[in-house]
Structures are given as C-alpha cells and as structure tokens.
Amino acid sequence: MSVVSLLGVKVLNNPAKFGDKYEFEITFECLEQLEKDLEWKLTYVGSAQSDQYDQELDSLLVGPVPIGVNKFVFEADSPDTSRIPDADIIGVTVVLLTCSYDGREFVRVGYYVNNEYDSPELNAEPPTKPIIERVKRNVLAEKPRVTRFAIKWDSEASAPAEFPPEQPEADLAVPDEEEYGADEAAEEAEAEAEAEAEGSEKPAPAAGEDTEMGEGDQEAVNPTEDNEDAVSEDGSVDLEGESEDELEEELVEGEGEGEGEGEEAEDGAMEVDADKPGHAAGAKPA
C-alpha cells in the first residue's frame, strides 16, 4: 500500500502560449509521517525520436509533509526551444509530471500537448523556421495517463516483494528429464540381468504394480472359438437389440443354471451362451 496517494491534478493555465509557464494544482494524501521530502518534477518530451531532447522544466521539494490531504501549486518554465528540433516544435508531444520519495519514483502522470499556430493560415502553410510567438499549446488535461509504482518508504514492511535471487549454480545441475527416473531404471536393469543369469521367470507383480503384457495375457483380450460370436473384435460385448425384459429373463435363467455349473468356472465369470449375444450387467455397447 502506498503511503502517499495522488488524488487529483488540475491544469490551471490551459490553453496558453507556448512560452507561458506551466501551472498544476496537485492534491495528494499522506497516510504516515514521512522522514524525507517529496520531489516533484515536470519533464517536456522534445522529440519522439530520441530522449536526448527531453528537458526537465523544473523540480520542487515538498516537506515536511503532514498527515492528511495536502494541496499546492506547482509552476514550471516553458521548454527551451533551442534544444528542440524545429520539426518537432509544431505538433503533438508529451509532458510528464512525476513524484519521487528518497530517489524512488512512485507516481507518473503523462499529458499529451498539442502545439499549433494561432491562425489557420500558418497552420495550413507553416514556415520553415517556427515563429514561437505565434505558437499556442493545449494540454489535454481530460485524458491523463497515470502510472503508479510500488516502492519502499521509511519502513521495511512497506518494501515491495523483490524478485527471486539469482541462482547461477542452477545452470550446472542435471536437467530434470535426465535425472527423473534414473534410480528406477537402474534397479529394473539390475533385476532383469539377475533374472537372465539365473534363467528364471520374472517374479509375479505386486498388487497395483504396472507390468508389461506377456503372451499369456493375450488370451484375456482375444476371443476363443466358443465365444467369438458373443465378443466383438475389440473385446467389448454387443448388447444391440436387447430389451430390458430380455436381459432380466436371461439373467434369471442364468441364476438357475449357475447353481450346478458355476463351480466349473474358477474365476466366477458369467458363462456366455453361444446361441445368443453375450451380455453382462453394466456393460456398454461397442
């Protein structure tokens, strides 16, 4: 949170001649007692092509600043035309009103300024050498551009969050994609080497552990001759054309037959009738 907040800026003498002073009525609020003064500056942008033509028109120290709402008038001289390219005197430029505390800028207000001659004839055919006495300025006070910056004031608690510290040693570290899974890969390679040396099969996987599919596992997903009509090519069960009444009727019949034949199926799976499409509760059509 900023200790000083800009509440408003009013341009007093506007429009005015190019050589007249700039006058700004500034209103701001101070929430805490400050140890140092506020520094206000007004900068004129002489050319959009380079900042070497920028001019600091004036600066003002305000302090000690009492707590509460404060108001004052900031006056600054007009820019030195000898430091401005002739082609940039007429036209649109910018003035910047800034305020800093202890050398740290915390607010900036930018205004567009339109410089033109006071007669339509000169504006239609401007002379090669500008006639400064006939130039008037108009500050577009209704459309300021306000930019605020978080700074440290008198206490460390008011200091904004700093960027993370530089870590040059991080460039020497092993990339994550090379380091990730290195230990697991080494353990698997060692286990496979031992299994090949002993000529034994791989140990049975623990519950929940991912394993590679072997030859024996293919029988679980490939249809056999007995149920190739019931199971589609992708292993799903076809339920098309079956109504809820037929499903319930077949399930009831299956319950009666299961009393004598259920013992033959060691895994407890439902036996599929080869004459009818297989079905199971909760299955979805392929």
Side-chain angles (χ1 to χ4, degrees), residues 2 4-30 36-63 65 69-151:
S2 180
V4 177
S5 300
L6 182 63
L7 301 181
V9 178
K10 182 179 179 180
V11 183
L12 297 181
N13 56 338
N14 188 54
K17 293 183 178 180
F18 185 88
D20 292 346
K21 288 186 176 183
Y22 287 88
E23 296 181 7
F24 296 92
E25 184 182 81
I26 301 173
T27 305
F28 66 94
E29 182 179 14
C30 184
K36 301 178 178 63
D37 297 339
L38 297 176
E39 184 179 14
W40 297 85
K41 291 182 181 180
L42 184 64
T43 303
Y44 183 89
V45 179
S47 175
Q49 307 300 325
S50 176
D51 58 0
Q52 65 176 338
Y53 301 108
D54 292 356
Q55 299 182 40
E56 182 181 315
L57 301 184
D58 205 346
S59 62
L60 176 67
L61 293 176
V62 177
V65 180
V69 178
N70 300 272
K71 181 185 296 185
F72 72 100
V73 175
F74 180 24
E75 295 183 357
D77 293 332
S78 61
D80 184 0
T81 56
S82 63
R83 299 172 55 185
I84 305 174
D86 291 342
D88 294 321
I89 291 181
I90 303 298
V92 179
T93 186
V94 174
V95 290
L96 299 174
L97 178 65
T98 62
C99 189
S100 304
Y101 181 74
D102 196 19
R104 296 181 289 271
E105 180 180 342
F106 65 90
V107 66
R108 176 185 300 177
V109 184
Y111 293 97
Y112 285 110
V113 180
N114 183 31
N115 297 319
E116 60 181 0
Y117 287 106
D118 56 4
S119 68
E121 294 78 15
L122 291 176
N123 287 323
E125 297 181 2
T128 304
K129 184 68 174 178
I131 305 175
I132 305 301
E133 294 78 11
R134 302 293 302 275
V135 177
K136 64 178 181 179
R137 69 164 186 257
N138 184 17
V139 179
L140 303 183
E142 296 80 9
K143 298 180 180 180
R145 178 68 180 270
V146 181
T147 307
R148 295 176 173 85
F149 308 95
I151 67 168

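Every heavy atom of this structure was used, including side-chain atoms; hydrogens, water molecules and symmetry mates were not. Position 1 is the first residue of the sequence, and the numbers go up from there.
Counting heavy atoms from C-beta outward, Leu42 and Val95 have side chains that approach closer than 4.5 Å. The shortest distance between side-chain heavy atoms of Val4 and Val65 does not fall below 4.5 Å. Counting heavy atoms from C-beta outward, Thr93 and Tyr112 have side chains that stay 4.5 Å or more apart. Counting heavy atoms from C-beta outward, Val113 and Asn138 have side chains that stay 4.5 Å or more apart. Leu97 has its side chain within reach of Val9: a pair of non-hydrogen atoms, C-beta onward, lies under 4.5 Å apart. Looking at Pro126 and Ile90, their side chains never come closer than 4.5 Å, going by heavy atoms from C-beta outward. Between Lys36 and Tyr101 there is a side-chain heavy-atom pair separated by less than 4.5 Å. Between Phe72 and Val62 there is a side-chain heavy-atom pair separated by less than 4.5 Å.
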| query | Does the side chain to side chain contact (heavy atoms under 4.5 Å, CB included) test come out yes or no for Val73 and Leu12, once each step is laid out? | reply | CA-CA 9 Å; Val73 175; Leu12 297 181; 4.0 Å; yes
| Step by step, would you call Val69 with Leu7 a side chain to side chain contact (heavy atoms under 4.5 Å, CB included)? | CA-CA 9 Å; Val69 178; Leu7 301 181; 4.1 Å; yes
| Audit row: Thr43, Asp54, side-chain hydrogen bond (donor to acceptor under 3.5 Å, both in side chains) steps and yes/no | CA-CA 7 Å; Thr43 303; Asp54 292 356; over 6 Å; no
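Partners of Tyr22 according to the ring-ring contact (aromatic ring centres under 6.0 Å, His included) rule, which considers only residues two or more places apart in sequence or in another chain, do not exist here. With sequence neighbours excluded, no residue forms a ring-ring contact (aromatic ring centres under 6.0 Å, His included) with Phe149. With sequence neighbours left out, the ring-ring contact (aromatic ring centres under 6.0 Å, His included) criterion links Tyr44 to no other residue.
Atom-to-atom distance recorded for Asn13:CG and Asp20:CG is 6.5 Å, nearest 0.5 angstrom. One finds the CZ atom of Phe24 at 11.5 Å from the CH2 atom of Trp40 (value rounded to the nearest 0.5 Å). Between the CD1 atom of Ile84 and the OG atom of Ser47 there is a distance of 9.5 Å, given to the nearest 0.5 Å. The structure places OG of Ser100 at 7.5 Å from CZ of Phe106, a figure rounded to the nearest 0.5 Å. Phe74 contributes atom CZ, which lies 10.0 Å from atom NZ of Lys41 (distance to the nearest 0.5 angstrom). Between Glu29 atom CD and Ser2 atom OG the span is 10.0 Å, to the nearest 0.5 Å.
Within the structure, salt bridge (charged side-chain N to carboxylate O under 4.0 Å, His left out) contacts touching residues 92-114 (residues at least two apart or in different chains) are Asp102-Arg104, Glu105-Arg108. Applying the side-chain hydrogen bond (donor to acceptor under 3.5 Å, both in side chains) test to pairs two or more places apart or on separate chains, those with a residue in residues 116-132 are Asp118-Arg134. Residues in residues 71-81 take part in these side-chain hydrogen bond (donor to acceptor under 3.5 Å, both in side chains) pairs, two or more places apart or across chains: Asp80-Ser82.
The two atoms that bring Leu6 and Thr27 nearest to each other are CD1-O, 3.5 Å, heavy atoms only. Summarising the geometry of Pro15 relative to Arg137, their closest heavy-atom pair is CB-O, 3.3 Å, with the distance given to 0.1 Å. In this structure, Ala76 and Asp58 approach most closely via the heavy-atom pair CB-CB, 3.6 Å. Across every non-hydrogen atom of Ile132 and Phe18, the tightest pair is CG2-CD2, 3.8 Å. Here the closest non-hydrogen pair linking Asp37 and Gly63 is OD1-CA, 3.2 Å.
No side-chain donor-acceptor contact under 3.5 Å links Asp88 to the backbone of Pro85.
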